[in-house]
Amino acid sequence: MFRQVSRVAVAPRLARSYAIAGQFTGSKGANGKYTVTLIEGDGIGPEIAEAVKQVYSAAQVPIDWEPVDVTPLLIDGKTTLPQPAIDSVNKNLVALKGPLATPVGKGHTSMNLTLRRTFNLFANVRPCKSIVGYKTPYDNVDTVLIRENTEGEYSGIEHTIVPGVVQSIKLITKPASEKVIRYAFEYAKQIGKPHVLVVHKASIMKLSDGLFVNTAREIGKEYPDVKLDFELLDNTALKMTADPTQYNEIVMVMPNLYGDIMSDLASGLIGGLGLTPSGNMGNKVSIFEAVHGSAPDIAGKGLANPTALLLSSCMMLRHMNLSSDADRIEKAVLKTIASGPENRTGDLKGTATTKHFTEEIIKNL
Ligand code: NAI
């Protein structure tokens, strides 16, 4: 499945940090450009998507955006995506996605989960790297975690047994565990961090996390050149906050909920959610998105930091073998952040609006 390695395998440190593994099989259109599906999303989504579009236009990246609407549809009691959105992603094989809001405790199933399930995006790659020029307690964080993306605690299987007693089922299957763990091993080899750490809680969830752990042991035998270790989630959380750099040379892989929480924790250590990108990887289709949500508290105010979506788009470009465009945009973003608080957004203790920050990036291209 991952026989054909991506070009990031031997790329320099910059590329290694926001690397992605997997195979892109899309092709350019007659105009010499790729078409990429764009889901602008909710809340700050349209503002940060606009920043990406402006930077891409200025950088002359050979991409045409195909915006789609993902307003949820309820068909036979099941939340589904509009068919034109499904068709667009299946045709283009790659999408960039803004955050989608999910109602709490009621309403439709999360459209994020629906997208991941519809396209079987089984692995969510979440790199987290210190931003040079933005001081945090740790200067050299360069971690990556891979989150199982389709099941676990996010299976959405819940029932009321009797009033006041509810049951939520954490589903772990061997096929889904195999896919994400195999991806982690391949990724570890490709980016030159031949050490996989399985983060789990099999001490308590002996069957479900136990299956995840045992599957990793089996797959590990196929990769004698990659070191395999296991660690309890609570211990990882403690060690990560004490000194995240001890995970720099390791690729972490973990069930769904743990990956969700640990990646936000890691974001907090390098300056917050405005900075961390991700890639949702499937066999055929990939969707790139920021780790953060729709930030309703700042939506529509021109204050959002588009860095996480821009870095997600750089992961996407590397996946599409457009690494030189990715490097150029990434360098311009990092240079802008390092240039001082007047050019940074409020989440990074700066005074810049999204518009000003975007204009500075374009100047730095
Ligand atoms: P959130 O990530 O939207 O916001 C948490 C905090 O981080 C807020 O103070 C927000 O202002 C700040 N923040 C996030 N992104 C930022 C950015 N780019 N620039 C500056 N500040 C930023 O998390 P929250 O508030 O818990 O969730 C809001 C909605 O987003 C919910 O409906 C949730 O379900 C959804 N969500 C969607 C995700 C996705 O589409 N992948 C991921 C996480 C949450």
Side-chain angles (χ1 to χ4, degrees), residues 37-52 55 68 70-72 79 81 85 95-119 121 123-126 128 131 134 145 147 149-150 153-154 156 256-257 259-281 286-313 315-316 333 336-337 341 343-358 361:
T37 303
L38 179 65
I39 300 166
E40 293 202 348
D42 304 320
I44 59 170
E47 298 164 63
I48 57 177
E50 180 57 32
V52 173
V55 170
V68 294
V70 293
T71 305
T79 305
L81 288 162
L96 185 69
K97 171 189 165 294
L100 293 170
T102 308
V104 174
K106 59 180 174 156
H108 65 80
T109 308
S110 157
M111 290 312 279
N112 295 311
L113 292 184
T114 306
L115 274 162
R116 290 166 196 167
R117 288 204 197 112
T118 303
F119 298 106
L121 304 171
N124 185 215
V125 181
R126 296 188 157 189
C128 182
I131 302 289
Y134 184 68
L145 75 77
R147 165 186 177 189
N149 217 17
T150 58
E153 303 80 354
Y154 289 32
N256 207 334
L257 176 67
D260 193 5
I261 296 172
M262 287 302 295
S263 54
D264 272 32
L265 183 152
S267 297
L269 297 173
I270 62 141
L273 284 170
L275 298 173
T276 42
S278 87
N280 296 288
M281 309 305 292
S286 315
I287 300 184
F288 295 82
E289 63 176 328
V291 168
H292 64 72
S294 57
D297 52 335
I298 56 165
K301 296 180 180 166
L303 301 175
N305 184 352
T307 299
L309 191 64
L310 277 161
L311 293 179
S312 305
S313 80
M315 288 173 75
M316 178 189 83
V333 170
T336 306
I337 294 174
N343 293 328
R344 288 202 288 261
T345 46
D347 56 314
L348 300 181
K349 301 188 180 66
T351 52
T353 58
T354 312
K355 185 167 175 287
H356 176 82
F357 180 63
T358 307
I361 294 171

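Numbers for residues simply follow the sequence, beginning at 1. All ligand and atom numbering here is 1-based and tracks the order in the structure.
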Under 3.5 Å: donor-acceptor pair, side chain of R147, backbone of N256: yes
Determine, counting only non-hydrogen atoms of the protein, whether one lies under 4.0 angstrom from atom 21 (N) of ligand 1. yes
Do E153 side-chain atoms and L257 backbone N/O form a donor-acceptor pair below 3.5 Å? yes
Those atoms of ligand 1 less than 4.0 Å from some heavy atom in P296: 28 (C)
Please state which part of L273 comes within less than 4.0 Å of ligand 1, counting heavy atoms only: side chain, backbone, both or neither. side chain
Check each atom of ligand 1 against the heavy atoms of N305 and keep those under 4.0 Å away; list them by number with element. 17 (C), 18 (N), 19 (N), 20 (C)
Taking E47 for its side chain and G300 for its backbone only, find out whether a donor-acceptor pair lies under 3.5 Å. yes
Heavy-atom distance to atom 14 (C) of ligand 1: which of H292, M111, K301 wins? H292
Could you identify the single nearest non-hydrogen protein atom to atom 36 (N) of ligand 1 and state the distance to 0.1 Å? G293 CA, 3.4 Å
Look up atom 40 (O) of ligand 1 and tell me if a protein heavy atom lies less than 4.0 Å from it? yes
Using the side-chain contact (heavy atoms from CB on, under 4.5 Å) rule, take V291 and D264 through it: C-alpha gap first, then chi angles, then the decisive distance, then the call. CA-CA 8 Å; V291 168; D264 272 32; 3.4 Å; yes
Please state which protein non-hydrogen atom is closest to atom 4 (O) of ligand 1 and give its distance, to 0.1 Å? A295 CA, 4.2 Å
Heavy atom of L303, distance to ligand 1 below 4.0 Å: no
Suppose we measure from atom 11 (O) of ligand 1 to each protein heavy atom; which comes out shortest, and what is that distance? D297 OD1, 2.8 Å
Among all protein non-hydrogen atoms, which one is nearest to atom 16 (C) of ligand 1, and what is the separation to 0.1 Å? I44 CD1, 4.0 Å
N343 meets the side chain to side chain donor-acceptor pair (under 3.5 Å) criterion, sequence neighbours left out, with S339, H356
When distances are taken from atom 32 (O) of ligand 1, the protein heavy atom at minimum range is T102 N, 2.9 Å
Within the structure provided, determine whether Y154 and N149 are in side-chain contact (heavy-atom separation under 4.5 Å). no
Quick one: does any side-chain atom of S312 pair with a main-chain N or O of P277 as donor and acceptor, under 3.5 Å? no
Looking at residues at least two apart in the chain, or sitting in another chain, which of them share a side chain to side chain donor-acceptor pair (under 3.5 Å) with T102? none
If we number the atoms of ligand 1 from 1 as shown, the ones under 4.0 Å from a heavy atom of N112 are 37 (C), 38 (C), 39 (C), 40 (O), 41 (N)
Atoms of ligand 1 under 4.0 Å from any heavy atom of V291, numbered from 1 in the order shown, are 42 (C)
T345 side chain to A304 backbone, donor-acceptor under 3.5 Å: no
Classify the contact between A308 and ligand 1 as side chain, backbone, both or neither, using a heavy-atom distance cut-off of under 4.0 Å. neither
Which distance, rounded to the nearest 0.5 Å, do you find between the CG of L100 and the CG of L115? 6.5 Å
I'd like to know if K97 contacts ligand 1, where contact means a heavy-atom distance under 4.0 Å to any ligand atom. yes
Answer yes or no for atom 18 (N) of ligand 1: protein heavy atom present at a distance under 4.0 Å? yes
One finds that the ligand 1 atoms under 4.0 Å from a non-hydrogen atom of I298 are 11 (O), 20 (C), 21 (N)
So the atoms of ligand 1 within less than 4.0 Å of a heavy atom of P99 turn out to be 40 (O)
Taking 4.0 angstrom as the limit and counting only heavy atoms of A101, give me the atoms of ligand 1 inside it, by number and element. 32 (O)
How far is atom 29 (C) of ligand 1 from the closest protein heavy atom, and which atom is that? S294 OG, 3.2 Å
When you measure from the side chain of N280 to the backbone N and O of F288, does any donor-acceptor pair fall under 3.5 Å? no
Scan T353, V55, I48, V333 and name whichever one has a side chain to side chain contact (heavy atoms under 4.5 Å, CB included) with T358. V55
Is E289 salt-bridged to R126, going by a charged N under 4.0 Å from an acidic O? no
Which protein non-hydrogen atom lies closest to atom 37 (C) of ligand 1, naming both residue and atom, and how far is it? L100 O, 3.2 Å
